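Chain naming here is simple, since letters A, B, ... match the order of the sequence lines and numbering starts at 1 in each. These numbers were taken from a predicted model, which means no experiment stands behind them.
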Amino acid sequence: MTILVFAEAADGAFKKSSFEAVCYARHIGNKTGAPVVAVALGITDAAVLESLSHYGADQVLSVAGTSFDHFDAQTQSAALAAAAQSLGANTVIVSNTYSGKAIAPRLAVHLNAALASNVVELPSLDNGFRVKRGVFSGKAFAWVDMNADSKVIALTPNSIDVTRDERSASYNTMNFQPAVASRLQVTGINKVSGKIPLTEAEVVVSGGRGLKGPEHWGMIEELATALGAATACSKPVSDMGWRPHSEHVGQTGITIKPNLYIAIGISGAIQHLAGVSSSKVIVAINKDAEAPFFKAADYGIVGDAFEVLPRLIAAARSGAQQA
Amino acid sequence: MKILVCMSVVPDTTTKITFTDGDTRFNTQGVQYIINPYDELALTRALELAEPVNGSVTVVHVGLADSEPSIRKALSIGAGEAVRINAEPTDAQFVAAELAHWAKDKGFDLIMTGRESIDYNSGAVGGLLAAMLDMPSVNVITKIDVQGGLAHLERDIDGGRESSQCSLPLVVSAQKDLCEPRIPNMRGIMAARTKPLAVVEPAAGGAKTHYQKYELPPAKQGVRLIDPERAADLINILRNEAKVI
Ligand SMILES: Cc1cc2nc3c(=O)[nH]c(=O)nc-3n(C[C@H](O)[C@H](O)[C@H](O)COP(=O)(O)OP(=O)(O)OC[C@H]3O[C@@H](n4cnc5c(N)ncnc54)[C@H](O)[C@@H]3O)c2cc1C
Ligand SMILES: Nc1ncnc2c1ncn2[C@@H]1O[C@H](COP(=O)(O)O)[C@@H](O)[C@H]1O
């Protein structure tokens, strides 16, 4: 019985969410005695691979032999399935990122495993294998029993703490050739450079219709930059083209759970709250004291965004300089 | 071109979520059901792709008879025919197994799902189905065009967009931006009445999870208001008390 973790990388280094996944696996390993093997696809740099041992991986497996430069869920899931089979692993942890979500179901089919995505807490192992997952787009949670010998779990980023657990891991490589050649060809990648991806951000500054127009987003971006935050928006803001759709959070947008969510000029409609209510700390800034967002917030300022924002930006900047 | 759109039926987005039977079941009392919003996008884009080339669009749903108003709505939006697999959709793996069993010999060139159902948020049926049918899959697509058996795609990735191409057959999952959802018109509503809605019995089975208990997010303690004149205090509190920045 081995626990396998898919260590997803971006730009040659592992994502924080991959370390979270290793920690999740380590927790299960500590309870069951199963070894934790972290698997990397197409990463060969020894120093990078070693970083996985800091969070509790007993073994690091680097898979090579085909190109993993371009993402194809079919190829990547087949490679992970081959790794799981060769190690006799029965539990696989991936991150619930865009790539992880594409891989996890395919992997579950390969391994004839039970699948749980959007998992938000450490499992309960006292009575079978029970995981907690987000349902109803942030409005509720469910405890789910995974009733199969094999399990694939997709862990939502920022759900568990990353704790150091240094191991003297063993390092291995594996060769993988896909049985079917990939039919998918990536033709271009357009990354929003210099910006923190919304799905990975620990702090998010978000603006709504109360900001009146796209020309006022400079203030949102300035506050975000001063706080090291990503930017987001409400649905009407993206519908009107003030901001790209990729920034729209809520029930029909992205669901996020940063440590801090600051909502400025957003009323707090149920569909908006659904996507952000799992944030650890919520701040609402709205000129209307009756705005529903104040019921969902930890801190609030009843005031005009155009007066409050410059003060916040100045305070955030001065602190950043001191630090 | 033969396109299959997989459709789930979900509580309206304004639904206040509650549970019954000691928090073991979702309380459906008074809940309005709608087509999963992402599936509406998938359906609309499927129609846009099929119409110019005289292709066909079939809608398939795993669910019980109470879903039929939503299936009729899909027909009134423009799907040519619909199939309901008559079983309660207990988990994504069960649904995908039923869909795969039904679809496997039907020769679909393109299978479209939504990015996720807004009720159980698995985001899994498309990938499961693709693996079961041994097809490639691309999820959270914001663009698809098809030319000469080749799909040109764009999808969301963490922190950006990726473009790609893939030959058919292929499974994709729809994300916002794919198109503007179509609203049924009077002619569509009339036509939908006589369009075929076949009911087939389930065959494959295979749920591997059991929903044991539900819970609601913990209620907030109440908001602490900060004087707008002293907005800078908020930054101090976030830094030194809440310790989140
Ligand atoms: C099917 C469906 C799905 C939906 N999904 C989503 C979703 O995923 N995400 C989402 O966000 N919405 C969603 N919505 C829309 C949602 O119901 C709300 O309409 C939307 O969230 C409102 O956006 P808003 O708060 O920016 O705008 P408004 O409701 O117009 O609120 C603007 C707020 O700004 C405040 N304000 C105005 N001026 C100032 C000022 N100078 N300073 C400070 N405050 C000011 C006002 O008091 C008000 O509270 C959905 C709706 C439907 C029907
Ligand atoms: N009961 C169902 N019947 C048909 N298709 C479904 C069903 N449930 C989910 N799907 C499809 O799978 C997508 C993803 O759903 P899910 O994996 O449940 O989040 C949905 O957007 C639908 O396209």
Side-chain angles (χ1 to χ4, degrees), chain A residues 73-74 97-98 101-102 105-106 109 114-118 130 134-137 139-148 183-192 197 199-200 203 227 245-246 251-252 259-260 270-271 277 281 294 296-303 307-308 311-312 315-316 319, chain B residues 11 13-14 16-17 19 37 92-93 118-124 126-128 130-132 136-140 142 156-167 176-177 208-217 220-221 223-226 228 231-232 234-239 242 244-245:
Chain A
Q74 195 170 21
T97 55
Y98 284 121
K101 277 190 267 201
R106 303 197 67 118
V109 173
L115 169 69
S117 58
N118 206 14
R130 193 168 281 173
V135 291
F136 297 101
S137 305
K139 290 179 184 170
F141 299 97
W143 284 98
V144 180
D145 289 332
M146 301 186 75
N147 300 327
R183 285 200 266 128
L184 181 81
Q185 199 192 334
V186 174
T187 50
I189 291 176
N190 194 352
K191 284 230 177 182
V192 191
T199 43
E200 293 167 19
V203 180
L227 295 175
H245 273 303
S246 55
Q251 187 156 14
T252 53
N259 294 335
L260 173 62
I270 188 168
Q271 297 99 340
S277 60
V281 173
F294 288 118
D298 301 283
Y299 302 99
I301 297 181
V302 180
E307 289 164 19
V308 171
R311 292 179 195 139
L312 292 179
Chain B
T13 59
T14 57
K16 189 167 185 304
I17 302 297
F19 302 100
Q93 285 169 297
I118 63 167
D119 52 0
Y120 285 91
N121 311 113
S122 296
L128 290 164
M132 289 169 183
S137 51
V138 180
N139 68 348
V140 290
T142 52
D156 275 345
I157 55 175
D158 294 295
R161 285 258 162 102
E162 179 187 271
S163 33
S164 61
Q165 52 191 43
C166 188
S167 57
K176 259 189 76 113
D177 257 15
K208 291 192 171 68
T209 58
H210 173 70
Y211 280 72
Q212 192 258 340
K213 209 174 172 65
Y214 294 91
E215 62 188 54
L216 295 171
K220 287 278 174 190
Q221 297 293 307
V223 64
R224 177 167 157 199
L225 290 178
I226 288 135
L234 174 66
I235 299 292
N236 278 331
I237 292 168
L238 295 175
R239 220 173 247 151
V244 286
I245 52 174

>> For A:Ser246, is there any backbone N or O sitting under 3.5 Å from a side-chain donor or acceptor partner on B:Arg161?
In response: no

> Is the backbone N or O of A:Leu115 less than 3.5 Å from a side-chain atom of B:Gln93, with the two atoms forming a donor-acceptor pair by type?
Replying inline: yes

In terms of heavy-atom proximity below 4.5 Å to chain B, should [X] be classed as side chain, backbone, both, or neither?
X	value
A:Val203	side chain
A:Asn118	side chain
A:Ser137	both
A:Ala297	both

>> Holding to side chain to side chain donor-acceptor pair (under 3.5 Å), I want the full list of residues that pass it with B:Lys213, two or more places apart in sequence or in another chain.
In response: none

>> Checking A:Tyr98 now: which residues fulfil ring-ring contact (aromatic ring centres under 6.0 Å, His included) with it, not counting sequence neighbours?
In response: none

> Taking atom types as modelled and ignoring hydrogens, do the side chains of A:Gln251 and B:Thr13 form a donor-acceptor contact shorter than 3.5 angstrom?
Replying inline: no

>> Is there a side-chain contact between B:Ile157 and A:Lys191 in this structure, where contact means two heavy atoms from C-beta onward sitting under 4.5 Å apart?
In response: yes

> Highest number of heavy-atom pairs under 4.5 Å with chain A: which of B:Ser137, B:Ala242, B:Ala232?
Replying inline: B:Ser137

> Which answer fits B:Leu128, side chain, backbone, both or neither, if we ask what part of it has an atom under 4.5 Å from a heavy atom of chain A?
Replying inline: both

